[in-house]
Protein chains: 2
Amino acid sequence: MDEVRRTKQRKAARLLRSGASVTIESVAERAGVAPATVSRALNHPHKVAPETLARVNQAIAQTGYLPNLVAGGLASSRSRLFAAVVPSIANLVYAETIQSFTRRVREKGYQVVLGESGYDSQTEEDVVTALLGRRPDAIFLIGINHSLECRRKLLAAKIPVAETWDITPTPLDVVVGYDHDKVGEAVAEYLLGRGHRAFACVAASDARALKRQAAFAAEIVRRGGGEVLLETTLPGSSLEWGRQRMAALIEERGFTKGAVFCSSDFLALGVLVEAQARGLSVPGDVAVMGFGDLDFAAHTHPAMTTVKIDRTLMGATAADALLARVVDQPWPESVVDLGFSIVARATA
Amino acid sequence: MDEVRRTKQRKAARLLRSGASVTIESVAERAGVAPATVSRALNHPHKVAPETLARVNQAIAQTGYLPNLVAGGLASSRSRLFAAVVPSIANLVYAETIQSFTRRVREKGYQVVLGESGYDSQTEEDVVTALLGRRPDAIFLIGINHSLECRRKLLAAKIPVAETWDITPTPLDVVVGYDHDKVGEAVAEYLLGRGHRAFACVAASDARALKRQAAFAAEIVRRGGGEVLLETTLPGSSLEWGRQRMAALIEERGFTKGAVFCSSDFLALGVLVEAQARGLSVPGDVAVMGFGDLDFAAHTHPAMTTVKIDRTLMGATAADALLARVVDQPWPESVVDLGFSIVARATA
DNA sequence: GTGAAAGCGCTAACAT
DNA sequence: ATGTTAGCGCTTTCAC
């Protein structure tokens, strides 16, 4: 008895300190029902009598009760949290993917914890590990290259995993993306078809951009287009680096006539600006091709020819796949190829 | 006894189904200590004997134990989670703020749940409410305009709140940003000082951009610069809208000589492109001024004159303020004015 | 349809 | 320095 009293005292002290936050118990008392009924009213309203439901909802409104999802998550082993890790939040293409992903899962009552890998697989592993501690119901990743240890941890977590922005026959779970080799080849074919005879390729040094670059160069060679001048930048992408690499192409390699394929629209915009600033005409002297079809691509001057990737659909599809798996609904495909398309505009 | 057995059976069944995830208890058994000791080894290593610590760490490594932060959060009433809500994730300026915020809090072992308000205060309220259910230890917001109900809920949550990207003498808690009125005035002064005699201002219709626009126009008038042609776009910012508004300025308002102040660098880039596409010289005919000093601004052609905002510092400072408050360390200032600076380059 | 009871996996006094 | 104990606030059988 004495012990019980002491416990109550401690509890009271804590509540006082924490501002006596309202719990399911206080709502239950007010509504004259058991806590379990309040829980049901919230999570399975159809399992509760209409009038009881009304009383509970009234009590909730009166108290301003906000269910504690941490407690709920622990009790139900469903955190209603999805984890997402991207190379960089400040890269528009990933930001847009995250945006559509976040919106879609939010519609279903899930929230997103965000992590950033900085294009580094060790960091990715660390971030993934940290996020898994939050026991997310599913996880969203960019790319298919993860450290062995990272893959192991992901598998051990036994949750749905979506890999995106690439494609592979052997995904960890679901993969939704497109084929970078095919992009490189398609661009090579397109540029050759436009009659260009000299080629360069400026790519950021991240795994996927380099894959496109390699495939592009190989295909140009295979089709008799000759050697491709290769330039790379740090991962990420910026107008500045595009200008820089184009300047190098012109000054160090004498490239003033031909087509340049860039691994991102920002890089391509830089190449375009640098060419124009030096008095070269685009596409007359140099043709420029971007990648991504970001918002601005259609509105540069001249309008940018690029490769369109549906980033929004990619985020939404990954979300749908994870959502389906989380509730054990069928989601037959484990490999979703969203493809890409070449958008022919004026720069190439 | 029978009951105990039934319980154990249920537990066993669950573990089997869930893959028998390793808990603090299994680690404790393996290390030959009590669960509390494992907890201490993890959270207060200095409170544990070196050799015990070693045994525990070994057991952790052997089992691949990953502490359940959900359970930990519930037990300690510290979720080690920060919430962040921004108008749009796909807007570079917010993405960069989130990036520096996320990085800084991660260093201290916190994670970030992300929400998006879509520039709408009702949506903001909904998102904030949902995130508060996760019992974050602190929350990061953009702007100082929140619905009354939203403010109420924020206050009721009794957690540190950082408002950013604006300044006010009456923040909910801490505010770190800069003064939009002063920006408008400073730009007016700058442009007048450069000898311009006709003015336009293209602004996205979000609260802060409109504040800058109004202050700019008022200051131009006050200093005898005449009426300012005002154009607005939807919230957000894009090159496309910049071109569009500039086209309207030229065609509908006959604006072919003067200075245009834009509420973002993307908008300014659009204005620049449109002017150049129409054969107007920049800054000869039209001067263009942006806002934000995004990466690309220094590398457009001509280089863009703009207003520099330290987005990275803003995110990091907000993070520091919240981190300090969460651990009850002193953080004296409740209003942090990061200021801004005009970066005079070639377009204006 | 509703209530009682038993945890979810961890932390934090408290006792030793 | 370590173990014991009592919850954190909720969900979920299981009875009724």
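Proteins get letters first, then strands, A, B, ... in listed order; numbering begins at 1 in each. Owing to the predicted nature of the structure, the values given are computational and were not obtained by experimental measurement.
Considering only side-chain atoms of R40(B), the nucleotide from dA13(C), dG7(D), dG9(D) that sits closest is dA13(C). The side chain of A34(A) lies closest to dG3(C) when the candidates are dT2(C), dG3(C), dA1(D). With distances taken from any side-chain atom of S39(A) to the nucleotides dT11(D), dG9(C), dC10(D), the minimum falls on dT11(D).
When each of P50(A) and S76(A) is assigned the nucleotide of DNA chain C with its nearest heavy atom, P50(A) is the one assigned upstream, toward the 5' end. Both L74(A) and P35(B) sit near DNA chain D, but only P35(B) has its closest nucleotide nearer the 5' end. Across the interface with DNA chain D, nearest-nucleotide mapping of K47(B) and I24(A) shows K47(B) to be the residue nearer the 5′ end.
Atom CD in E29(A) sits about 14 Å away from atom C1' in dG9(D), given to the nearest Å. For the pair E25(B) CD and dT11(C) P, the interatomic distance rounds to 14 Å; values are reported in whole Å. The distance from atom CG of L69(B) to atom C1' of dG9(C) is 11 Å, rounded to the nearest whole Å. Between H44(A) atom NE2 and dT2(C) atom C1' there is a gap of 14 Å when expressed in whole angstrom units. In this structure, the CZ atom of R80(A) is 15 Å from the P atom of dC10(D), given to the nearest Å. Atom OH of Y65(A) is separated from atom P of dG9(D) by 10 Å (rounded to the nearest Å). Atom CD in E51(B) sits about 10 Å away from atom C1' in dA1(D), given to the nearest Å. One atom, CG of N68(B), and another, P of dC8(D), lie 18 Å apart when rounded to the nearest Å.
The phosphate of dA1(D) has neither OP1 nor OP2 within less than 4.0 Å of any side-chain N or O from T52(B). An OP1 or OP2 oxygen of dC8(D) is reached within less than 4.0 angstrom by no side-chain nitrogen or oxygen of S77(B). Distances shown here put every side-chain N or O of T37(B) at or beyond 4.0 Å from the OP1 or OP2 atom of dT2(D). The side chain of N43(A) places an N or O atom within less than 4.0 Å of a non-bridging phosphate oxygen (OP1 or OP2) of dT11(D).
In this structure, D137(A) contributes its side chain and R80(A) its backbone to a donor-acceptor pair below 3.5 Å.
The CG atom of D173(A) sits 8.5 Å away from the CD atom of E163(A) when rounded to the nearest 0.5 Å.
Closest approach of A84(A) to V112(A), counting heavy atoms only: CB-CG1, 3.9 Å. Between L74(A) and V70(B), the shortest heavy-atom distance links the atoms N-CG1, 3.7 Å.
Interface remark: the R135(A) side chain does not form any donor-acceptor pair with the dG9(C) base, using a distance-only criterion of under 3.5 Å.
Residues S88(B) and N91(B) have side chains that never bring a donor and an acceptor to within less than 3.5 angstrom of each other.
Counting heavy atoms from C-beta outward, L69(A) and L81(A) have side chains that stay 4.5 Å or more apart.
Looking at heavy-atom distances under 4.0 Å, V70(A) makes no contact with the nucleic acid at all. Within 4.0 Å (heavy atoms only), A36(A) reaches at least one base atom of the nucleic acid.
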